[in-house]
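Some notes on the structure that comes next.
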Amino acid sequence: MCYNYKNDAASKDMKVRFKRKMKEEDEQNYKPVFKANGFSHPLMPVITQEEPELIQLYQWGPFNAFAAENERKYNTLNAISEEIFEKATYKKNIQNKRCLIPATGFYEWMHVGKEKYPFHIAIDEPIFCFAGIYNHWKDKEGIERKAYTILTTAANPIMEKIHNTKKRMPVIMPMVLEDNWLKQDLAIEEIKSLLLPYENERTLAFSVDKKVIFSEDANTPKVFERVDYPELALLMN
DNA sequence: CCAGACGTTGTT
DNA sequence: GTCTGG
DNA sequence: CCAGACGTTGTT
DNA sequence: GTCTGG
């Protein structure tokens with residue numbers, strides 16, 4: 001779940017929305033993206049617990065050295081929020097390396113028979129955040145890497161219909177709880193209470209064009225244009 | 001201890 | 001009721 | 001998470 | 001490299 005998302009917000013709009021600054025270098029390197037694919041490890045904006053006054057670029061990629069060397073086998077693009085406190089890879093980070101991951105939408109596929117239909121999902125805020133955790137580690141060359149992973153949870157009813165094979169969804173932090181998520185030294189139960197499926201009535205989804213999203217360069221505004229499939233009409237009621 | 005795991009839900 | 005192995 | 005376990009070293 | 005299940 002959640003290997004493709006959108007953050008097409010301009011840096012100035014993110015700065016206003018989150019009341020935070022960006023380092024000049026990050027602002028220059030930042031590009032709005034209509035479809036970021038986790039498997040190509042893009043640099044994307046995040047807000048970390050350790051430097052909450054900044055919007056910084058982190059890599060959606062291997063979470064540590066071991067994951068980097070075993071990428072085919074170990075995928076750390078998402079982490080199961082229900083198990084985050086028990087997993088060796090994440091348990092130390094969930095306490096004080098949480099982050100917000102700004103987004104304007106994400107993509108998921110509905111499976112119907114042998115066909116797959118892509119959907120764009122957003123919420124009732126134009127810019128929102130996934131809940132994530134991050135890690136700083138050194139690669140073989142001794143270069144510091146800054147990685148993040150998106151936390152997932154059970155699907156809400158709309159997402160159960162769309163992501164009907166796995167019934168999972170990314171944890172979307174309600175706007176009023178964003179600052180809570182970044183608070184230092186939260187108790188485990190307080191952290192768990194923030195890791196919930198997003199409110200169904202505030203989840204907005206529609207199908208998009210198969211051809212565009214499967215094309216060589218899906219990073220175009222057309223990728224999130226609504227396209228209805230008559231054969232899905234009954235399923236979407 | 002110590003061998004074996006370490007990750008999630010795609011294949012566009 | 002609470003812990004933990006799967 | 002959540003179904004299933006939850007105990008230690010006698011013999012009376 | 002580090003954690004943990006058996």
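Letters go in sequence order (proteins before strands), and every chain restarts at 1. We use all heavy atoms of the structure for the numbers below, so side chains are in, but hydrogens, waters and symmetry mates are not.
- Between Tyr3(A) and Tyr5(A), the distance separating the two ring centers is not shorter than 6.0 angstrom.
- To the nearest angstrom, C1' of dG5(C) lies 12 Å from CD of Glu83(A).
- Tyr90(A) comes within contact range of the sugar-phosphate backbone alone, with a heavy-atom separation under 4.0 Å but no base atom that close.
- Comparing dG6(C) with dT2(E), their P atoms sit 26 Å apart, to the nearest whole Å.
- Leu77(A) comes within contact range of no nucleotide atom at all, as no heavy-atom separation falls under 4.0 Å.
- Between Phe66(A) and Tyr74(A), the angle of the ring planes lies from 30° to 60°, which puts this pair in the tilted group.
- Remark: the Lys35(A) side chain and the dT12(B) base include a donor-acceptor N/O pair separated by less than 3.5 Å.
- The C1' atoms of dT9(D) and dG1(C) are separated by 27 Å, rounded to the nearest whole Å.
- Aromatic rings of Tyr90(A) and Phe63(A) (six-membered ring for Trp) have centroids within the 6.0 Å cut-off, being under it.
- Across all strands, Thr149(A) comes closer than 4.0 Å to no nucleic acid atom at all (heavy-atom distances).
- Nucleic acid contact class of Lys87(A) (heavy atoms, under 4.0 Å, all strands): sugar-phosphate only.
- Distances shorter than 4.0 Å separate none of the side-chain N or O atoms of His111(A) from OP1 or OP2 on dT9(B).
- Taking side-chain N and O atoms only, Lys211(A) has no distance below 4.0 Å to OP1 or OP2 of dT12(B).
- Rounded to whole angstrom, the span from the OH atom of Tyr74(A) across to the P atom of dG1(E) amounts to 16 Å.
- In this structure, CE on Met44(A) lies 9.0 Å from CZ on Phe130(A), to the nearest 0.5 angstrom.
- Within 4.0 Å (heavy atoms only), Glu86(A) reaches at least one base atom of the nucleic acid.
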